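Numbers for residues simply follow the sequence, beginning at 1. These numbers come from a predicted model, not from an experiment. Whatever order the structure lists ligands and atoms in, that order sets their numbers, starting from 1.
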Amino acid sequence: MRINKYLALCGVASRRKSEEYVLNGKVSVNGKIINSLATDINLKNDKVELEGKQLSLPSNYVYYKLNKPKGYLCTAKDDRARKTIYDIVKTNERLFSIGRLDYDTEGLIILTNDGDLAHKISHPSHEIEKEYIAKIEGNLLESELAVLRAGVVENGVRMPKARVELIDTVNGDARISVIIHEGQNRQVRRMFEAIGKTIKMLKRVRIGQIKLSGLKRGEFKKLNDYELYSLLGE
Ligand code: URA
C-alpha cells in the first residue's frame, strides 16, 4: 500500500497532507527516513513512524465475514418484517455490508463499520473479483458457456463478460463457477435467465482474496490479518 494512503488510514492526515510529511522527511520506514511518495508499505512487516512515533491502523474498525443463509436480506430493515443479516450479526457497531446478496442467494458477505472502505470496495469501478457457485436445473452446453463468457444480451444490452467454468454435473444438474467484477443487481441470475436456465442454488464463495471456506451457514467471524490486509490493500 502506498505510503500516503497508509498514513491517511492511520488517521495522521489527509492523503495530500500526508505526502507533505513524507517530502519533509518526517516519516521513517523500518528506521530509515523515506522521501519518496512511491514507497510501498508492507502492512504485515513494516514499522512506520511519524516524527519518531510508531503508527498503527486504528483498532476501532471491525471487519467480519458472514456466511449468509438463503432467506435473509442485506438491508437494515424490511417493511415486510423478513429476516435480515443484522438478525444474525448482532454487534454494537453500525455495520455496512460490502457487496449485497439477494434474498435467495447465500454465501460470503463482508461487514465493517469502516464506511469509506465499504463504499469504495462496493463501487463498480473497483474491479474486485467476486466468485459464485451456481447450481442450475439440467445440463449446460459448451455453446451456452460461450454465450455466458462473452456477456449475454438482455433487452438489447450486453451484460459484462464473466469467467465461467463448468465444475461438474450431479444427478443431471450442472454446477458452475462464475467470476464477475461488477455488482449489477441480480447479475448472475440474470445471466442464466437470459439463456433460459433456472438457478436452483446460488452461493458467493469469494470476494477478492477472501474466501467463504470454513464458515457454516449463519456463522460469522472477524477477518484474520491476511484477509484484512488483502482488503485494505485493494
Ligand atoms: N448475482 C445475483 O444474481 N445475486 C446476487 O446476490 C449476487 C450476484
Side-chain angles (χ1 to χ4, degrees), residues 64-80 82-89 95-112 117-138 140 144-167 173-213 215-220 227 231 234:
Y64 297 100
K65 63 178 185 177
L66 161 72
N67 185 351
K68 172 186 138 16
K70 180 178 170 169
Y72 282 78
L73 292 167
C74 288
T75 46
K77 272 196 208 118
D78 180 43
D79 45 16
R80 286 156 58 191
R82 287 175 294 178
K83 287 177 286 190
T84 80
I85 53 172
Y86 301 101
D87 292 321
I88 303 175
V89 187
L95 297 175
F96 307 93
S97 66
I98 297 184
R100 294 185 168 189
L101 290 176
D102 49 51
Y103 186 71
D104 287 324
T105 303
E106 57 185 80
L108 182 61
I109 296 267
I110 296 169
L111 290 161
T112 178
L117 184 81
H119 178 74
K120 200 188 86 189
I121 303 244
S122 302
H123 196 269
S125 67
H126 204 89
E127 294 232 321
I128 187 164
E129 276 191 358
K130 296 164 196 99
E131 181 174 357
Y132 296 82
I133 307 284
K135 189 169 160 199
I136 60 157
E137 218 168 87
L140 200 63
E144 291 169 322
L145 280 170
V147 172
L148 293 173
R149 286 177 186 141
V152 296
V153 177
E154 193 189 49
N155 301 327
V157 179
R158 189 174 293 281
M159 286 182 69
K161 287 183 183 176
R163 264 164 60 204
V164 185
E165 298 298 334
L166 179 65
I167 302 170
D173 290 338
R175 277 199 317 147
I176 302 129
S177 151
V178 180
I179 300 177
I180 55 176
H181 291 99
E182 298 77 6
Q184 289 187 12
N185 191 26
R186 297 183 67 256
Q187 188 171 335
V188 179
R189 290 181 188 276
R190 281 161 50 208
M191 286 167 60
F192 284 92
E193 278 161 17
I195 59 162
K197 294 288 175 187
T198 306
I199 288 193
K200 282 181 148 179
M201 186 278 305
L202 183 61
K203 173 160 73 172
R204 181 157 64 199
V205 293
R206 182 171 64 81
I207 299 175
Q209 298 187 46
I210 300 174
K211 293 185 178 158
L212 176 66
S213 51
L215 276 185
K216 300 200 184 89
R217 280 198 186 100
E219 209 175 48
F220 66 96
E227 292 171 324
L231 195 65
E234 290 283 356

Side-chain contact, heavy-atom cut-off 4.5 Å: Ile85 with Leu95? no
Given a heavy-atom cut-off of 4.0 Å, could you list the residues near ligand 1 in chain and number order? Leu101, Asp102, Thr105, Tyr132, Arg186, Gln187, Val188, Arg189, Leu202
What salt bridge (charged side-chain N to carboxylate O under 4.0 Å, His left out) pairs are there with at least one residue in residues 194-206, not counting sequence neighbours? Glu129-Arg206, Glu131-Arg206, Glu144-Lys197, Asp173-Lys200
Just by modelled atom types, is the Thr105 backbone N or O under 3.5 Å from a matching donor or acceptor in the Lys68 side chain? yes
Taking all non-hydrogen atoms of both residues into account, name the closest pair between Ala134 and Phe192 and its distance. CB-CE1, 4.1 Å
If only atom types and distance count, is the side chain of Lys130 paired as donor or acceptor with the main-chain N or O of His181 below 3.5 Å? yes
Determine, stepwise, if the pair Leu215 / Leu66 fulfils side-chain contact (heavy atoms from CB on, under 4.5 Å). CA-CA 7 Å; Leu215 276 185; Leu66 161 72; 5.6 Å; no
